[in-house]
Amino acid sequence: MFLEFEKEVEHVLTEALEKASYDYKELEAGLDLEESEHADIASRIAFSLARTYKKPPEIIAEDIVNHLEIPSKNTLISNVVAAGPYINFYVNDFFLHKTLQRIKEVIEPTEEKKGKIIIEHTSANPDGPLHIGHLRNAIIGDVLVRVLKRAGYDVETHFFVNDMGRQIGVVVWGAERIAFDETKKTDHAVADVYIAANRLVEENSEFLKDVESLMRKYEAGDEAVVKKYEAVVKKCLSGIQASLQRLNIRHDLFVWESEFVRGGAVEEVIEELKQKGNIKFGGSGSALLLQLEGIEKELVIQRTDGTSLYTTRDLAYHRWKSNRLSPYRACGVVGQSPTDRVIDVFGKDHELVSQQLAKALEILGVNAPEFVIFEFVSLPTGSLSTRAGRYISADELMEKIEARAYEEVDKRRKDLDKDKKHEIARKVGIGALRYDMVKVSQDKHIVFDFEEALDIEKKGAPFIQYSHARACSILKAAEERDYVIMDDYDASLLREESEVELIKKLAKFKYVIESASSELKPHLVAKYARELAESFNLFYKDCPVLNAEDELRKARMVLVDCAKTVLSNILNVLGIEAPEEM
RNA sequence: GGGCUCGUGGCUUAGCUUGGAUAAAGCACCGGCCUUCUAAGCCGGGGAUCGCGGGUUCGAAUCCCGCCGAGUCCGCCA
């Protein structure tokens, strides 16, 4: 409901500005609306106008408010006041009532479809298990997927499988000499072979030639080699998928990069770049270098031996993605629809590559994707490396955090049976992990501290889950007393400050989803979820529900029900399960 | 060396894009609250020259320049 309120504020403010003959259209800051602790929405426009009209902002604010009229009917605004240079707008009872109504009505957001989005995330090399660095990628990506779906997009999620890289060649080579440990989870077994094989290859350059020969054969489509590759990659991928599933993450499509080589798409891209791009031959050999505008470093698109590189395969993949979007052929224009988007979630190390990718795609006539770049996760001992065996696997982390969560559940709920406690521990543990990763802004470097990560008690997610469980518990107790949630409640009875604050917070759900989806910042969702839980807890403390007198109880039950709905929705957007009891 | 990012109470962070109302939270610390719907909760308290220095502005955590510190990239790797 907040968005509607904002829209009305814009409307009445614009009218007042016109009536008072202020020329606001040229102002850079526009109406300069902001959320504020002093009002439900505040405008700072008087500051900007003060400059143009050479009058104190206080006077201008006062003048605007004098010209401002709140509609007599169907308005969401109760009051507007000039507080010094600020113009403060406040919501009315109708706004509060409508907010609850809206939450009760909307079961699933089936509003206007905004378009299609293809989002790629995680895309870890199939040479070992996911580690905590991939975890950040996966969780940021997955929350974005959920946010975008909520915002009304038709979202398709991709995992780009890097099956042609040197590291996979090393694993395939190694698998012929070293047996997989069949007792281990498959992706971990692959990592063991990779690490061991890599050591051998580093010690002996003859082995490196074997690996390169394997790579050439794979690229050429040698049947026997393809089979070996597929076996290894699938083995690793099945382990990775199991970890993702445990994290509540799923991809719609796993796209193998080799498809683009063998299907001829990479060749087409290279040919087209040769024609349309500024191509040079590289130093000693005949490698193809593509010069890109505004980027100092040229992009190598083909090796001297004629084989392809990751970036070229990625180019082919992106062109293919763009063709998967809804064809937009109106007025004879062919291309992706303006509402469609392609999003890639990449680590900071891919920043330069992503710029090169965007420029090269431009040459190919393909719209550049949007990049969500996140900073690195490192260990106190240094950066992560699968090859060096220096990483903490997602599996190990999940294992330990669930165990720790179990201890906490066990401490508090002696009454529950083991299975139930395990179920709650799983929800709390994975939730805590996900929340931890997503709450930090993407462009902040994280130094991962294992002990701290396991400290369930001071996590954000359980706090939010707990307030949801509290709401459930009230509703359950209500049911036992045969209290039913009614439609004929009186929202105007909800007068306590904590009640009003909670409703206002509930009203911001859509607004937060919109911001997070347009700015591609999932941490905004995490922040809102925490604030919402806090508002609910304040209400919980202040306002008895079941023991309130009849009419008030009816209204409060509706509020609790709405809070539960929104809490469970926001947890769902975060990919965190909402337990009914804890 | 060059590019990009980050630097906010003891610790982890939000705010920075679009400059404005006492710099906002969590954790930790100190003190208080369970005979009323789950205390994984609530209330109170102390604690910040917003890395340092300059500049722009009526006004800077926010914009610009310089410096320092951390990360990352600058591969015929992915």
Side-chain angles (χ1 to χ4, degrees), chain A residues 28-30 32 34 36-39 42 44 46-48 50-51 56-57 83-86 88 123 125 127 162 164-168 257 282-289 295-297 300-311 313-314 347-353 355 373-376 378 383 405 408-409 411-413 428 436 439-447 449 452 455-467 469-478 480-481 519 523-524 526-527 530-531 533-534 537-538 540-548 556 560 581-582:
Chain A
E28 227 176 282
D32 208 358
E34 62 166 358
S36 164
E37 50 190 307
H38 307 279
R44 296 178 295 210
F47 284 111
S48 331
R51 204 177 291 255
Y86 299 90
N88 288 343
S123 300
N125 291 330
D127 56 10
N162 307 137
M164 300 197 83
R166 179 161 277 131
Q167 69 292 112
I168 306 306
E257 55 175 343
S284 51
S286 55
L288 294 181
L289 308 181
I295 298 176
E296 217 177 310
K297 206 73 200 165
V300 183
I301 58 170
Q302 190 172 52
R303 291 198 185 95
T304 299
D305 68 0
T307 56
S308 65
L309 286 130
Y310 171 78
T311 351
R313 303 190 288 261
D314 210 11
K348 185 72 178 167
D349 55 336
H350 277 54
E351 199 174 43
L352 176 62
V353 175
Q355 286 166 7
I373 304 276
F374 66 94
E375 271 286 0
F376 264 48
S378 62
S383 59
E408 295 296 328
V409 179
K411 206 156 69 187
R412 290 161 228 257
R413 299 297 301 269
V428 168
D436 241 14
K439 74 173 185 197
V440 180
S441 155
Q442 287 105 287
D443 38 36
K444 224 104 171 186
H445 171 216
I446 294 176
V447 179
D449 183 317
E452 202 177 288
D455 198 346
I456 279 288
E457 250 184 321
K458 50 171 101 154
K459 293 293 169 192
F463 177 84
I464 304 158
Q465 291 170 315
Y466 185 64
S467 60
R470 277 179 147 179
C472 291
S473 151
I474 293 176
L475 296 174
K476 200 172 148 204
E480 282 161 10
R481 299 188 201 183
E519 295 176 43
H523 76 274
L524 298 177
K527 187 168 177 262
R530 226 208 75 79
E531 289 169 0
E534 192 171 35
N537 282 334
L538 292 179
Y540 183 93
K541 178 207 46 150
D542 277 359
C543 305
V545 177
L546 304 177
N547 293 328
R556 283 185 177 164
V560 171
E581 60 176 320
M582 286 173 70

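As a basis for the values below, the full set of heavy atoms in this structure was taken, side chains included, without hydrogen atoms, waters or symmetry mates.
Qualifying side-chain hydrogen bond (donor to acceptor under 3.5 Å, both in side chains) partners for A:E257, counting only residues two or more places apart in sequence or in other chains: A:R313. Take A:E519 and apply the side chain to side chain contact (heavy atoms under 4.5 Å, CB included) test, not counting sequence neighbours, and it matches A:S515, A:K521, A:L524. With sequence neighbours excluded, the residues forming a side chain to side chain contact (heavy atoms under 4.5 Å, CB included) with A:D455 are A:E457, A:K458, listed by chain and number. Partners of A:E375 under the salt bridge (Lys or Arg N to Asp or Glu O under 4.0 Å) rule, at least two apart in sequence or in another chain, do not exist in this structure. Legend: residues meeting salt bridge (Lys or Arg N to Asp or Glu O under 4.0 Å) with A:R470, ordered by chain and number and at least two apart, are absent. Every side-chain hydrogen bond (donor to acceptor under 3.5 Å, both in side chains) that A:D542 has, sequence neighbours left out, goes to A:S498. By the side chain to side chain contact (heavy atoms under 4.5 Å, CB included) test, A:S441 pairs with A:D443, A:H523, sequence neighbours left out. Residues passing the salt bridge (Lys or Arg N to Asp or Glu O under 4.0 Å) test with A:R303: none are found, sequence neighbours excluded. The salt bridge (Lys or Arg N to Asp or Glu O under 4.0 Å) check on A:D349 picks up nothing, with sequence neighbours excluded.
Of the candidates B:A39, B:U8, B:A40, the closest approach to any side-chain atom of A:I456 belongs to B:A40. In the set B:C6, B:A78, B:G41, B:G41 carries the atom at the smallest distance from any side-chain atom of A:N537.
A:R51 contributes a side-chain N or O that forms a donor-acceptor pair with the base of B:G59 under 3.5 Å. With hydrogens and angles ignored, no donor-acceptor pair closer than 3.5 Å exists between the side chain of A:T311 and the base of B:A78.
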Identify all pairs in which a protein N or O lies below 3.5 Å from an N or O of nucleotides 69-75 of chain B, and state each distance.
{"from": "B:G75", "atom 1": "OP2", "to": "A:K297", "atom 2": "NZ", "distance (Å)": "2.5"}

When you compare the protein's N or O atoms with those of nucleotides 27-34 of chain B, which come within less than 3.5 Å of each other, and at what distance?
{"from": "B:C27", "atom 1": "O2'", "to": "A:K458", "atom 2": "NZ", "distance (Å)": "3.3"}

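Among the heavy atoms of the strands, none lies under 4.0 Å from A:L475.
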For RNA chain B, what is the dot-bracket line, given that a base pair needs Watson-Crick (N1 to N3, plus N6-O4 or O6-N4) or G-U wobble (N1-O2 and O6-N3) geometry with both distances under 3.5 Å, and | means paired with another strand? (((((((..((((......[...)))).(((((.......))))).....(((((..]....))))))))))))....

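B:C34 adopts a syn glycosidic conformation, its chi angle falling within 90° of 0.
Residue-nucleotide stacking is not present for A:F463 and B:A40, judged by a side-chain ring centre under 5.5 Å from the six-membered base ring centre and planes under 30° apart.
Rounded to a whole Å, the CD atom of A:E351 is 7 Å from the C1' atom of B:U5.
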